[in-house]
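Just so you know, ligand 1 is whichever comes first in the structure, and atom 1 is the first atom listed for that ligand. For this chain, numbers begin at 1 and follow the sequence in order. Quantities reported herein were computed from a predicted structural model and do not represent experimental measurements.
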Amino acid sequence: MQFRDLQRQYQMLKSEVDQEIREVLVETNFISGKQVSELEEALAAYVGVKHCITCGNGTDALVLALMVWEIQAGDAVFVPDFTFFASGEAPASVGATPVFVDVEEDTFNMSAASLEKAILKVTKEGKLTPKVVIAVDLFGQPAAYAEIRKVAEKYGLWILEDGAQGFGGRIGEKMACSFGDISTTSFFPAKPLGCYGDGGAVFTDREDWAALLKSYRIHGKGDDKYDNVRIGVNSRLDTIQAAILKVKLKALKSYELEDMDRIAGRYTEALDGIVKVPRVNKGFFSSWAQYSILLKNKEERDGLHVYLDRQGIPTAVYYPRPMSRQKAFQRMDCRKTGLRVTESLCQRVLALPIHPYMEEEEQDEVISKIKEYVTALR
Ligand SMILES: *Cc1c(COP(=O)(O)O)cnc(C)c1O
């Protein structure tokens, strides 16, 4: 059994993917080919924002957004304590200070109450200027943007939506990657919409920011590539990846998201009450980048991890360590404040295999082995 079976997906999409790749090889326009702008248009239309600017990966996408806002040393950027490292690495890499905020146990996403506390603390200390909230759509579910936006607007902060895991999710009819003032995603192979290498994108409704993003991603270009008006980076999505993503976006829209949601529903129905299952807020739709359960404690979690591994069922611990306890952040004064939920999640969380091409028998096997393990404990 595979944790996320990219081989089965490729076999399903092979003829179309191969054809698209062959076309790029024949045209040999490996950088900035027409497939890149075609994909950007398709992504913007799907997400429902005016501009999509693709780039080299999801981490660069975050950095590019922070460059647009000129975030720098002395600025505070609020980041959930429970997320992938890049969410905090991006602000640190432009010289700003990530300030870690606790999350909600049920959804794994940023707590608006904890955000407000952290903003007040930073303001009171007076050393840093609060500038940006990076809200992460963790495991596929959009963060609670109504509550987070209320707090962000109260204190005059921009919202940067890190939708690396959230692409395809929504709240009501509003799609993930449309909730931030700027939003980003990643096309790393294992993400909900993955390519066959690295890739990422930035989304915004603002024309002026879109223009800046297009400049920053190609060496701060002006009118052309050899007219450089600001210091930028080199971060483009290459044409082959764009061609692959065009095919994969169609599959995601037409059946993959629904199939994932059905599998998640089966897990939840079978495992509710046996372990703690993830909660999807009312009116929210998750793209299920991960299906993560909670065990009672670290011992139980580690035990189940090993037990399932022995049965040939791969599981993963996302994430074993709070951001605020990562060594890389220790020399920065990142202002830890009561990040108790994150501490507990890191001990108890376990992600189960899930992908759109998973057979019912495989799902049933995962379910029955978990039941077996937990019943033997109690
Ligand atoms: C994967 C991920 C990123 C970074 O994306 P890359 O394309 O790997 O650079 C950023 N934030 C979150 C939450 C992620 O899961």
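- Of the options Gln11, Glu256, Arg8, a side chain to side chain donor-acceptor pair (under 3.5 Å) to Tyr357 is made by Glu256 and by none of the others.
- Residue pairs meeting the side-chain hydrogen bond (donor to acceptor under 3.5 Å, both in side chains) criterion with at least one partner in residues 134-147, sequence neighbours excluded, are Asp137-Tyr145.
- With hydrogens left out, the protein atom closest to atom 4 (C) of ligand 1 is Thr59 OG1, 3.5 Å, a heavy atom.
- Pairs engaging residues 201-210 under the side-chain hydrogen bond (donor to acceptor under 3.5 Å, both in side chains) rule: Arg206-Asp208 [sequence neighbours left out].
- Counting heavy atoms closer than 4.0 Å to ligand 1, residue Asn57 contributes atoms from both its backbone and its side chain.
- Near Ser186, meaning under 4.0 Å from one of its heavy atoms, ligand 1 places the atoms 5 (O), 6 (P), 7 (O).
- A centroid separation of less than 6.0 Å is found between the aromatic rings of Phe85 and Phe329.
- Residue Val136 approaches ligand 1 through these ligand atoms, each under 4.0 Å from one of its heavy atoms: 13 (C).
- Nearest non-hydrogen protein atom to atom 15 (O) of ligand 1 is Lys191 NZ, 2.6 Å.
- Looking from atom 13 (C) of ligand 1 to the surrounding protein, the closest heavy atom is Asp162 OD2, 3.5 Å.
- Residue contact check: Ser87 has heavy atoms under 4.0 Å from atoms 11 (N), 13 (C) of ligand 1.
- For Thr83, no nitrogen or oxygen atom sits less than 3.5 Å from a nitrogen or oxygen atom of ligand 1, counting backbone and side chain alike.
- Not a single heavy atom of Gly200 sits less than 4.0 Å from an atom of ligand 1.
- Considering all non-hydrogen atoms of both residues, Glu89 and Thr59 come closest at OE1-CG2, 3.9 Å.
- With hydrogens and angles disregarded, no donor-acceptor distance shorter than 3.5 Å links the side chain of Ser183 to the backbone of Phe203.
- Closest to atom 3 (C) of ligand 1 by heavy atom, among Phe187, Phe85, Phe139, Phe84, is Phe84.
- Between Phe139 and Tyr318, the ring centre distance reaches or exceeds 6.0 Å.
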